[in-house]
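Shown next, in structure tokens, is the structure this report addresses.
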Amino acid sequence: MDWQRSLRSRLAARCGPKKSEQELKDEEMELFTKYYMEWKGERRSGNASYVNIPRFYYRLPAEDEILLQKLREESRAVFLQRKSRELLDNEELQNLWFLLDKHQTSPMIGEEAMINYENFLKVGEKAGPKCKQFFTAKVFAKLLHNDPYGRISIMQFFNYVMRKVWLHQTRIGLSLYDVAGQGYLRESDLENYILELIPTLPQLDGLEKSFYSFYVCTAVRKFFFFLDPLRTGKIKIQDILACSFLDDLLELRDEELSKESQETNWFSAPSALRVYGQYLNLDKDHNGMLSKEELSRYGTGTLTNIFLDRVFQECLTYDGEMDYKTYLDFVLALENRKEPAALQYIFKLLDIENKGYLNVFSLNYFFRAIQEQMKIHGQEPVSFQDVKDEIFDMVKPKDPYKISLQDLINSSQGDTVTSILIDLNGFWTYENREVLVASDNDNTADVDDT
């Protein structure tokens with residue numbers, strides 16, 4: 001077998017001394033780098049489009065990179081200013097209205113001026129480059145509503161333009177407070193925005209400056225309660241613009257806003273003072289916080305102790321007491337029980353086993369407290385079996401033995417179901433609904449007779 005030894009010796013001589021594992025890794029990396037750079041160079045030289053593709057990712061500057069942060073802030077400010085200059089100003093809007101009125105197409109429908117597509121395009125040519133985006137076939141078609149002459153309302157079109165301009169202005173205004181520049185506002189960002197907005201709202205002229213911080217907290221809480229259900233601590237600017245809350249807030253610019261509108265507007269001075277006044281009235285020991293006993297007097301004072309226990313178990317408290325911000329979430333949930341965000345808040349409290357659904361045990365656990373309150377008030381307790389059947393009939397859950405949050409929302413009966421389980425007054429209202437409806441009808445008839 002001399003040929004085998006000879007072959008082995010030749011192979012060993014050809015391979016040279018055995019390399020270590022690290023040397024092999026270094027050699028592999030060297031070869032990889034060499035061939036990758038050659039391939040990359042060929043790809044770039046072979047495809048001209050690589051030269052034209054702009055850089056699309058820029059790393060956000062770190063906290064200690066102060067110069068880069070300043071540069072980014074300045075560049076964003078310049079960008080937003082440029083976008084602001086692209087919007088129509090008051091003079092340009094007046095000129096647009098004049099052109100539309102001049103090119104209206106007869107006949108008029110009542111007192112409403114109309115315009116056809118031909119004149120619509122003529123106005124677009126004369127209105128200037130800033131208006132070009134509004135004078136498209138798509139916009140015209142959106143506003144076309146069964147007119148026999150194929151025209152659109154001049155007023156509707158002008159309101160559409162005004163709304164678009166307002167949305168862009170508001171987005172730019174909100175973006176100025178977006179410190180991170182990522183398209184969302186943190187709680188402190190929105191607080192700064194509303195604080196600086198207060199002097200521009202005539203309906204808030206009567207507020208004392210010492211109340212500003214409480215007002216801002218009250219206003220901001222509504223945005224975050226409904227628009228940040230996962231409690232991330234930030235809201236997309238796009239979501240703020242899409243909801244009606246900003247409209248309600250800016251409605252306070254109207255100096256002649258009716259008393260009724262003020263009372264139903266969460267952001268009005270009377271509403272904010274009402275909520276804060278209730279908080280102060282509940283705070284009997286004047287320590288700025290609410291204990292469970294103090295909160296039990298909320299509203300009609302008929303919330304069950306079991307439900308209040310769950311509030312203090314699940315919600316953020318300080319040494320067992322609730323601060324104003326947590327109280328605002330509580331109020332928003334109970335005053336808006338038809339809304340999904342409010343039902344989510346209450347559902348979490350009712351889901352004592354944290355299973356994601358309510359079963360017969362959960363319902364019985366909470367309704368037992370209603371039965372106990374009925375005994376205390378000298379009322380004959382209602383059978384849980386009857387109430388349980390009624391709840392399942394109202395909700396009609398997918399699973400006949402479990403009620404999920406989505407089942408409650410889909411049923412449109414979530415406010416009634418939760419009231420039955422947590423509030424004696426809510427249960428009494430439900431039980432006597434037929435009598436109350438009849439009473440309301442009688443009162444209406446009496447008013448009509450007079």
**Study point:** Non-hydrogen side-chain atoms of E263 and S271 separated by less than 4.5 Å
**Key:** no

Review point. Among F135, W97, F134, whose ring pair (Phe, Tyr, Trp, His ring centres under 6.0 Å) with F157 holds?
Key: F135

Review point. Should the pair F367 and F384 be assigned to parallel (<30°), tilted (30 to 60°) or perpendicular (>60°) ring geometry?
Key: tilted

Practice item. Answer yes or no: are there more than 12 heavy-atom neighbours, outside H145 itself, under 6.0 Å from its atom NE2? Key: yes

Point to revise | Step-by-step salt bridge (charged side-chain N to carboxylate O under 4.0 Å, His left out) determination, E92 to K130 | key: CA-CA 9 Å; E92 288 165 329; K130 285 187 181 181; 3.3 Å; yes

Exercise for review: Answer yes if the ring centres of Y401 and Y357 are under 6.0 angstrom apart, and no otherwise.
Suggested key: no

Point to revise | Mutual orientation of the aromatic rings belonging to Y215 and F211 [parallel < 30°, tilted 30-60°, perpendicular > 60°] | key: tilted

Check your understanding: Hey, is E118 close enough to R151 for a salt bridge, meaning N to O under 4.0 Å?
Key -> no

Check your understanding: Would you call K222 and F267 a side-chain contact if the rule is heavy atoms closer than 4.5 Å?
Key -> yes

**Study point:** Contact check, side chains of L250 and T200, non-hydrogen atoms, under 4.5 Å
**Key:** no

Review point. Out of curiosity, L207 CG to L273 CG, how far, rounded to the nearest 0.5 Å?
Key: 6.0 Å

Practice item. Measure centre to centre between the rings of Y324 and Y276, then say whether the value is under 6.0 Å. Key: yes

